[in-house]
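Here is the structure we will look at, set down as structure tokens.
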Amino acid sequence: MASVVSTCRTVAASTTTCLLVQVVWSQSKAKQPGGVEAAGPESRMGLSTCKSVCSLKSLATRFSPRYGCEYIVLVLENVPLYDTFSVPSRSVSLTFGPFLVGERRLLEAAAGRSGVHRKKINAWEQCVSMLGEPVTEALFPGKYNCITSSFCPNNSRRRRRTSTPSVFIDRTSFCLSKPKLGNVAGKHAHVSCATVGPDEPHAASTAWQDGILEKQELDLLYPGVEKTELEGFLSSEIPSHPKLYRGQLKNGLRYLILPNKVPPNRFEAHMEVHAGSIDEEDDEQGIAHMIEHVAFLGSKKREKLLGTGARSNAYTDFHHTVFHIHSPISSKDSDGDLLPYVLDALNEIAFHPKFLSSRVEKERRAILSELQMMNTIDYRVDCQLLQHLHSENKLSRRFPIGLEEQIKKWDVDKIRKFHERWYFPANATLYIVGDIDNISKTIYQIEAVFGQTGLENETVPAPAPSAFGAMASFLVPKLSVGLTGSSSNSVDQAKIFKKERHTVRPPVKHNWSLPGSNMDLKPPQIFQHELIQNFSFNMFCKVPVSRVQTYGDLRNVLMKRIFLSALHFRINTRYKSSNPPFTSIELDHSDSGREGCTVTTLTVTAEPKNWQSAIRVAVQEVRRLKEFGVTKGELTRYMDALLKDSEHLAAMIDNVSSVDNLDFIMESDALGHTVMDQRQGHESLVAVAGTVTLEEVNSIGAKVLEFVSNFGNPTAPLPAAIVACVPKRVHVEGIGETEFTISSNEIIAATKAGLEEPIEPEPELEVPKELISSLQLQELRQQCMPSFIPFSPEIKVTKVYDKETGITKCRLSNGISVNYKISKSEARGGVMRLIVGGGRAAESSESKGSVVVGVRTLSEGGRVGNFSREQVELFCVNHLINCSLESTEEFISMEFRFTLRDNGMRAAFQLLHMVLEHSVWLDDAFDRARQLYLSYYRSIPKSLERSTAHKLMLAMMDGDERFVEPTPKSLQNLTLQSVKDAVMNQFVGSNMEVSIVGDFSEEDVESCILDYLGTVRSKGNYEMENAYNPIVFRSSPSDLQSQQVFLKDTDERACAYIAGPAPNRWGFTVDGKDLFESVSHISTHDDAELKSEELLMVDEDTQKDVQRKLRGHPLFFGITMGLLAEIINSRLFTTVRDSLGLTYDVSFELNLFDRLNLGWYVVSVTSTPAKVHKAVDACKNVLRGLHGNKISQRELDRAKRTLLMRHEAEIKSNAYWLGLLAHLQASSVPRKDISCIKDLTNLYEVASIEDIYLAYDQLKVGDDSLYSCIGVAGAQAVDEITEVEESDDGFPGIFPVGRGLSTMTRPTT
């Protein structure tokens, strides 16, 4: 007798489905010779399902030598979609999907595990997945088909598709804003992922996975399944999101509703008007952006939401204008539901704005300031790339910010006419995503607010399906309310529209890069500018967007991803261990809704002197991949990584934020892709994965690369554009600055030279299964005898567990402190952070820059023990680990992201142990790190913002180099041994704290802690107080308190920074004062005007008790300083930006250290050269005016709501908890304890206005303490930057390039 051991579910609408079922044969009955049991009637009578009966077409058994068992292959006909099966006489369910071929997955399912592998999550700026909605940060960046392959041996500044592609990612940066471990609100968590991008940990196993097919194996694995049936499956449609509701009002307004519980009790409402800069006429360039400003900031109904805890903003791009509001579900002042108020505000903003002359003039000034603020060299490079890529259409001439001369002269009537032409309901879509339970009620509210809009003066017929282009196919009526179908005369009706509407967005015609084109090759274009530091080469290929709507479409995307994944890792392994001629090589393949096309881009950046070699290497590697294709091992690695990634994403389905869901849906709709949820995406990917063959992967991938690999061949696709962005002058060793010359013919020659370079097939790589074997671990445990020890002689317990927060604290016998928290918020995921006290503050006067260069050296090398960098990277891939390194002024940190599947946490601990105990320091890695910081330093004079900030910091910090980039002189004094000592001397047990948060068990995490942290050798004590030179602010008054920087540029711009001293987060000042000693002697104020409403509701004794507890709390200054920053930011905006019109962007930021006894504040403001001095004066007046213009209770309450909402939104994030746990046991932060986490919400709620003034009085805002530096760029600059020291050698800085990212307008507020 045979019994079925597994269950499964169909995942494709296919008439024929192949099921694989493990068979366990009983000993009482022999197997029949044919491999099939003598079947009873039930085996032929059909399998019953919950929907229908499907018949058995064929049945066979196969033996798996790999797993030592047999399984049945059943081919079924008439299989319903997503159905569950049972064998009638045996009552056993089957849940296999079609084409889930492969013994490994079959047997895993039989053992009760999922038959596919985990999907990991990567850090990128927008979280979007090919398979479903976005999670934290990008899976597949921004699109279904965004595929990026890159290698950056020298990590450039973070940009759209670039960051360090290594296991050890160095996130060290220099800026006025100090990186803060504890401050993760307002940014996404970075989570490891198998993206085909620069941060990708790639798949690991080189074994040939059974589930991946070669073409000739298809018939063997699908007996009875004909090719036409497989084609039928691939042509069937992928499922659409089951919870996404779509509808349309009678006036044509489309709406989408998606219930989503993250964050709880909040929702996103976005109004997308399908009008952008591409719709502007020649004399209207920038008018869409102007309307965005006037409509948004002129709305009184939006202003009324500000006190409710809602946040709002807007932006304009080529193809649309978006107004969005993030709001709580309800508030005390709204009588319940806030959604109608939010919808009413969006209705006013989009369709009923008041074009008052005063508001138009105010926004005109703001936009002119924004234009100058945006006009960085990065923006100008983006514009150049887009101009040449889209030279045949209006995209090259319609950048959303507009033209200055036109912005200055539009009147109200001109602006109103553009609004009337494009802003109407049938040309807009409303998105509502959030914690919404009653869909019918939400639809009713939408109809109540928007139902009559657009119908007041005319009858607007229902639009034809084609009128919305890509979204037409999505208008599937799920609810009868408000839906309108298309009628036979809809096209005729559209002709009588008084208002225009395009059938395709954006409405432009592209010249496609298709094989056999009769067009001539456009010569390479060269953009040369004095502010460009690095050489960059961009070759573009432009094709129509391939919509992802069927299983075949999804399969094509998967195969492209696998193919291009190989390019990144190949270049990484081939060149990382040497000094390559390039800075980065990146191949990006992505859909763009804003441009209406799919663009493949080969981007090469290099030092100017090496540009020809860099191009040759890039072309050579692309050609190698195209000619020889991916290997079996590569196909196995990347397929496995994507399946793991997919499963992990499906497990995270309930943890995706509403805004990430919404952004994904909006982009998918713009591209015409079917929107799936994560679970559907996972099932669909699994369904197609088994059909992928090596031959097809190499075939489809080769077509993507033809525009490079076959460059110059008449049958190859012509590049849409070739653009080189180059400096005017370069630094030559021993000579100095010289002119840089380059020609189009030289660029073509370098490209063709790469086609002639010899190429060989790619060898396979061995991947370690573990970094520490069980035998090695056993020896370590015997040597070190790891254990948890009591916190002190008085406290005998070895673990302290706080029930309210779920935090456990413990300490190892080698001195390492450990905090961990079990969290189910991110299913089967975890994060870990090591914090090592010291950082750059520990650099001595003889070793300036040693810590920051040392951390970078460690990142560049990537080797541990006897394992090469490549082996370590593939080990991380196999276990879905992402590791980053960071050095700041006060600590060094390592952060790990991992999944709990496949021993991922244990693998992450192994890697941490190896870094601490067996790091390998390499001379070539040190050379690259040092050259990188030489480049950083030399790039300062070419950036207005960096040069201005650099000069200010040197003045305020009395020339202390630990707070700026190290100088060339300091870098030349460093050696490999000196940087190694500077870093590793800080890695002392008592100076290290490890925090872990994730979905693990207490037993598992403590086992890892003891095995891999407990066996780290004890290295004595690290006394931070004696480890660094004192830090001081410059004595005042000083002639350096007010400075200017002048930068020669073709365009005028201006910026300024204002800064001054502040205490640290725990009330200590740079001169050694403990502010708690003074605060404790201040009695509560008797003036009722300075008390919050909460305190006024209780008696006087209770008031004093509450204030006494707050002022005695270790986090008093951290809480009050945070609230103060929100209040000052609000005042700066309303005064300097809104009332005076002196700037577009102004902000106040506090940088409060934890371990160092100091902090500072910074005001950043952008303006025009004519207004920047007035803007600085206005900012100073706001800073100093808080006593004259008293803080109101309304201001304080708004600040509290903002910070509390931010806390509530982030509290489910593992990364946020890492920030809360930081320094919990650090001896150098003695005041932080568990109460700083437990009492956080209450402390915000009870803070009074008087408390805020106690914090404000600790900021040094007087003339004798405040520092300012104004930067002005323009053709008439009277001086060069003098603070930046030069040396005779070094390398040009890294210059980021992208394609149009910076051309989208900034948020309005």
Side-chain angles (χ1 to χ4, degrees), residues 156-157 159-162 371-372 374-393 395-401 403-404 521-542 582-586 588 595 599 601-612 614-615 618 719-731 737-751 935 938-939 941-944 1047-1053 1273-1275 1292-1304:
S156 63
R157 287 180 287 157
R159 39 163 294 220
R160 184 162 71 135
R161 300 186 186 101
T162 302
L371 190 150
Q372 292 207 348
M374 288 182 64
N375 195 31
T376 62
I377 190 63
D378 296 16
Y379 173 81
R380 285 176 252 180
V381 167
D382 272 352
C383 289
Q384 287 289 322
L385 298 181
L386 285 167
Q387 283 172 357
H388 295 300
L389 174 60
H390 302 300
S391 59
E392 73 275 17
N393 60 51
L395 287 170
S396 64
R397 305 180 300 278
R398 289 295 184 273
F399 301 115
I401 192 65
L403 298 180
E404 181 177 357
L521 173 66
K522 293 187 290 186
Q525 303 296 312
I526 299 172
F527 175 54
Q528 197 164 22
H529 198 279
E530 54 265 25
L531 295 186
I532 293 179
Q533 176 84 1
N534 217 10
F535 168 86
S536 69
F537 166 87
N538 304 270
M539 182 183 287
F540 298 103
C541 178
K542 183 165 56 170
F582 54 83
T583 302
S584 69
I585 294 176
E586 175 181 338
D588 173 84
E595 298 165 62
V599 179
T601 311
L602 174 65
T603 300
V604 182
T605 60
E607 300 167 17
K609 65 178 182 180
N610 293 331
W611 72 267
Q612 290 166 310
I615 291 177
I722 301 174
V723 185
C725 301
V726 303
K728 281 194 173 182
R729 298 178 65 84
V730 295
H731 184 91
E737 293 290 318
T738 61
E739 294 290 331
F740 180 75
T741 58
I742 189 174
S743 69
S744 297
N745 289 336
E746 289 176 313
I747 294 173
I748 291 178
T751 305
S935 301
R938 289 227 168 86
S939 65
K942 296 193 175 185
S943 167
L944 182 64
L1047 182 64
K1048 287 186 178 180
D1049 191 2
T1050 53
D1051 300 345
E1052 289 189 348
R1053 299 178 60 238
I1294 291 172
F1295 174 66
V1297 293
R1299 181 169 57 80
L1301 175 66
S1302 65
T1303 59
M1304 184 180 75

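What you see below is based on every heavy atom in this structure, not just the backbone, and it leaves out hydrogens, waters and symmetry mates. Please read all numbers here as calculations on a predicted model, not as lab measurements.
From Thr583, atom OG1 reaches atom CZ of Phe535 across 10.5 Å, with rounding to the nearest 0.5 Å. In this structure, the separation between NE2 on His388 and CD on Gln384 is 4.5 Å, given to the nearest 0.5 Å. Here the CG-OG distance, from Leu385 to Ser396, works out to 12.5 Å after rounding to the nearest 0.5 Å. For the atom pair CG of Asn538 and OG1 of Thr601, the computed distance is 7.0 Å after rounding to the nearest 0.5 Å. Atom SG of residue Cys725 and atom CD of residue Gln533 lie 14.0 Å apart, to the nearest 0.5 angstrom. In this structure, CG in Asp382 is found 10.5 Å from CD1 in Ile377, a value given to the nearest 0.5 Å.
Looking only at side-chain heavy atoms (C-beta outward), Asn534 and Pro608 come within less than 4.5 Å of each other. Side-chain atoms of Glu530 and Lys1048, non-hydrogen and from C-beta on, never get closer than 4.5 Å to each other. Side-chain contact between Thr603 and Ser584 is absent, with no heavy-atom pair separated by less than 4.5 Å. Glu586 has its side chain out of reach of Thr605: every pair of non-hydrogen atoms, C-beta onward, lies at least 4.5 Å apart. Annotation: side chain of Val726 is not in contact with side chain of Trp611 (no heavy-atom distance under 4.5 Å). The closest side-chain heavy-atom distance from Asn375 to Arg380 is below 4.5 Å. Taking the side chain as every heavy atom from C-beta outward, Leu1047 and Leu531 approach each other to under 4.5 Å. By the 4.5 Å heavy-atom criterion applied to side chains, Leu371 and Leu403 are not counted as neighbours.
Enclosure of atom CD in Gln387 by more than 12 non-hydrogen atoms of other residues, nucleotides or ligands within 6.0 angstrom is indicated.
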Task: Pair His529-Thr1050, side chain to side chain contact (heavy atoms under 4.5 Å, CB included): steps then yes or no - done: CA-CA 9 Å; His529 198 279; Thr1050 53; 3.1 Å; yes
TODO: Start with the C-alpha gap between Ile722 and Phe537, add the side-chain angles, then the distance that decides, and say whether side chain to side chain contact (heavy atoms under 4.5 Å, CB included) holds.
DONE: CA-CA 7 Å; Ile722 301 174; Phe537 166 87; 3.6 Å; yes
TODO: Could you go through the side chain to side chain contact (heavy atoms under 4.5 Å, CB included) check for Thr376 and Arg1053 one step at a time?
DONE: CA-CA 8 Å; Thr376 62; Arg1053 299 178 60 238; 3.4 Å; yes
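Closest approach of Ala614 to Ile585, counting heavy atoms only: O-CD1, 4.4 Å. Between Ile742 and Ile526, the shortest heavy-atom contact is O-CD1, 3.7 Å. Between Ala1273 and Asp1049, the shortest heavy-atom distance links the atoms CB-CB, 4.0 Å.
Salt bridge annotation for Lys728-Glu739: absent, with no cationic side-chain nitrogen under 4.0 angstrom from a carboxylate oxygen.
For Leu395, the side-chain contact (heavy atoms from CB on, under 4.5 Å) partners two or more places apart in sequence, or in a different chain, are Ile278, Phe318, His390, Asn393, Val508, His510, Glu595. Looking at residues two or more places apart in sequence or on another chain, you find a side-chain contact (heavy atoms from CB on, under 4.5 Å) between Ser391 and Lys522. Legend: residues meeting side-chain contact (heavy atoms from CB on, under 4.5 Å) with Ala720, ordered by chain and number and at least two apart, are Leu389, Ser513, Phe540, Lys542.
For the pair Gln528 (side chain) and Phe740 (backbone), a donor-acceptor distance under 3.5 Å is present.
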